[in-house]
Amino acid sequence: MSKVKKVRGFQDIYGENAKKYRYISDVARKIFENYNFEEIILPYVEDISLFKRSVGEATDIVQKEMYVFTDRGGREIALRPEGTASTVRAYIEEKMYAQSSIKKLFYEGAMFRYERPQAGRYRQFHQIGAEIFGIYSPLADAELIKMVLDILNTLEIPARLEINTLGDFEDRKSYIKALKEFLEERKQHLCETCNIRIETNPLRVLDCKVETCKDITKEAPLITNFLSDESLERYEKIKEYLKALNVEFIENPRLVRGLDYYTHTVFEFITDKIGAQGTVAAGGRYDKLVEQLGGPPTPALGFAAGIERLMLLLEKLPEDKPLIVVIPITEEHNIEGILTADSLRFNKFRTELIMKEGSLKSKMKLANKLGASYVVFVSDKYELKDMTTGTQEVFENREDLIEVLKIRL
RNA sequence: GAGGGCGUAGCUCAGCUGGUAGAGCACAAGGUUGUGGCCCUUGUGGUCGCGGGUUCAAGUCCCGUCGCCCUCCCCA
């Protein structure tokens, strides 16, 4: 019988990796709470039209990366490829705009994209993300970016911040028009995909990695020249706030992001340490999306970070709580052993009771293997052995043993 | 969607020009009577990814197939 294996692009996260995952998640949560965000737990499936209307019909995500299926009721369902669309949908559907003028939400969980897996890329991957609804002020942009930076800093993961602005919808429209014209004229020198992009997603050409395309787009018109005074001012303010917060950033006028819904600010935190998948967290503003999906006009912005990519970069993990291993010397001391383990746990010590058969030596080997800080030998007395020094002390009753451990640990 | 690498013990791998498998680590037991980490001894463990072909004989050659990893595209 052949072994059952996990599906391509999916992974079991266990052991050290599970610790990293949990740690990243915990750090992010604490920081979200500091910034007064509330959690939203979203469904993993949505009506497929949600992503077509938000992420964009022409994007790679929608065109070739979505897990789509028809359920038994004949509905067209998609496993969510990202979190913003669902959050916006929930914001509208649950009428959160009626609760207060602003709403700050965070989420965590699996996303699904059908791509060729490689380092830092999986078909099921996990993101933490946050969205702010109802604030147009550039303060929100600066605060969101600072929040992401707080997370990265706490995790001690260095990444450079790149920012850009795409202007509002009008700015963007006229810029795209000019850009299209520029690209049309140089069509024959652009790569194949960029030729398609001219129609589907002209901004993306700016981000192309092909050398000849890069050379051409060096000359391309810049968004900056198409920004309204207001958009420009917004952008300047954000930079001012970031500077005040001591946040270092690089302006990258080519940074456009792949999703359709962005307006004004876009940003990415990038590292060079994990190859091509260097973007570790990214986000931006999407002031028209809520309206587009049927809600009231609501300015909004958000970001998402890839947990797996953060895991690749995470070097430090907080130390585990010290482990106490309880060894009943012989079978006659099993009851005393389990009671000892029980009261140690009651006192919040991380405790392992050795239950295997065999020589005391083999049990000690196991205790050592498990990483015991202390071993308690249970017989007609209690012997506490410090595993780093090898010293041992004797106690007549459990209470004394526990009192001493409370002081030590 | 395009390209490259790899599949031999639980893990990391060795196995030259074909002669039916090996190391290190890990695991188990032991090195005296109730005590780990180092060292020593012994032991468990392999359909050599799968299927077919060539051959007296294939882990080793040929074909196919599956799987994994990586790069590009794109994205977190």
Side-chain angles (χ1 to χ4, degrees), chain A residues 1-11 24 55 58-66 80-84 108-129 148 159 191-194 196-197 200-201 204 207-210 213 256-259 268-271 274-283 302-313 325 327-333 354 356-381 383-392:
Chain A
M1 204 161 64
S2 59
K3 272 185 219 163
V4 181
K5 305 180 79 172
K6 55 186 172 288
V7 177
R8 163 171 229 148
F10 290 72
Q11 52 169 349
I24 291 164
V55 175
T59 59
D60 280 13
I61 290 178
V62 168
Q63 279 195 338
K64 51 181 199 188
E65 293 174 3
M66 275 206 293
R80 61 181 188 187
E82 58 109 51
T84 298
E108 173 193 329
M111 306 295 164
F112 302 85
R113 292 184 199 173
Y114 193 89
E115 297 181 273
R116 295 297 296 270
Q118 56 186 282
R121 165 180 293 165
Y122 305 92
R123 289 182 175 179
Q124 177 185 327
F125 61 105
H126 300 81
Q127 291 187 327
I128 45 176
V148 181
C191 74
E192 221 175 296
T193 35
C194 279
I196 300 164
R197 283 172 180 149
T200 56
N201 195 353
R204 209 83 200 95
D207 215 17
C208 186
K209 270 119 199 156
V210 177
C213 294
V256 293
R257 320 251 41 251
L259 288 61
E268 288 191 15
F269 284 88
I270 304 165
T271 168
I274 49 176
Q277 280 72 244
T279 301
V280 117
F303 90 98
I307 296 182
E308 282 82 355
R309 290 187 186 174
L310 294 173
M311 281 163 61
L312 288 173
L313 296 163
V325 169
I327 302 181
I329 294 288
T330 70
E331 217 217 308
E332 294 152 44
H333 304 102
I354 297 296
K356 75 179 290 256
E357 308 284 315
S359 64
L360 186 59
K361 177 173 179 166
S362 71
K363 292 174 186 170
M364 270 306 281
K365 276 192 171 181
L366 182 56
N368 189 55
K369 182 98 192 169
L370 292 169
S373 300
Y374 286 92
V375 167
V376 178
F377 297 104
V378 178
S379 55
D380 53 338
K381 54 189 182 291
E383 287 157 288
L384 178 66
K385 176 164 186 154
D386 181 327
M387 290 295 273
T388 46
T389 62
T391 55
Q392 228 163 278

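We name chains A, B, ... by the order of the sequence lines, and we start the count at 1 in each one.
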- Query: Rounded to the nearest 0.5 Å, how far apart are CD1 of A:Ile61 and CD of A:Glu115?
  - Reply: 8.0 Å
- Message: Measuring from atom CG of A:Leu312 to atom CG of A:Leu310, what distance do you get when rounded to the nearest 0.5 angstrom?
- Response: 9.0 Å
- Message: If you compare every side-chain N and O of A:Lys385 against the phosphate oxygens of B:G34 (OP1, OP2), does one of them come in below 4.0 Å?
- Response: no
- Message: Using a 4.0 Å heavy-atom cut-off, does A:Ser359 contact any base of the nucleic acid, only the sugar-phosphate backbone, or nothing at all?
- Response: sugar-phosphate
- Query: Say you pick atom C1' in B:G67 and the same atom in B:G30; how far apart are they, in whole Å?
  - Reply: 41 Å
- Message: What's the gap between B:U44 and B:C61 when it is taken at their P atoms, as a whole Å value?
- Response: 31 Å
- Any donor-acceptor pair under 3.5 Å joining the side chain of A:Asn368 to the base of B:G36? yes
- Identify the nucleotide, in any strand shown, that forms a Watson-Crick or G-U wobble pair with B:C25, with both distances under 3.5 Å; if there is none, say none. B:G10
- Item | A:Asp380 or A:Lys64, whichever maps to the more 5' nucleotide of RNA chain B | A:Asp380
- Message: Between B:G34 and A:Phe377, is there a base-stacking contact, meaning the centre of the base's six-membered ring lies under 5.5 Å from the residue's ring centre while the planes stay under 30° apart?
- Response: no
- Could you tell me whether A:Gly120 contacts a base, only the sugar-phosphate backbone, or nothing, with contacts defined as non-hydrogen atoms closer than 4.0 Å? base
- Message: Categorize A:Gly129 for me: base, sugar-phosphate, or nothing, with a 4.0 angstrom heavy-atom threshold over every strand shown.
- Response: nothing
- C1' spacing across the pair B:G5 / B:G43, given as an integer number of angstrom: 37 Å
- Please work out if A:Glu115 contacts a base, only the sugar-phosphate, or nothing of the nucleic acid, heavy-atom cut-off 4.0 Å. base
- What does B:C39 pair with, Watson-Crick or G-U, if both distances are under 3.5 Å? B:G31
- Note on the structure: Of B:G36, B:C73, B:A76, the nucleotide closest to the side chain of A:Gln127 is B:A76
Using the 3.5 Å cut-off, write out each protein N or O paired with an N or O of nucleotides 65-69 of chain B and the distance between them.
{"residue": "B:G67", "atom": "O2'", "partner": "A:Lys5", "partner atom": "NZ", "Å": "3.0"}

- Task: For A:Lys6, look at atom NZ and say whether over 12 heavy atoms of other residues, nucleotides or ligands are found less than 6.0 Å away.
- Result: no
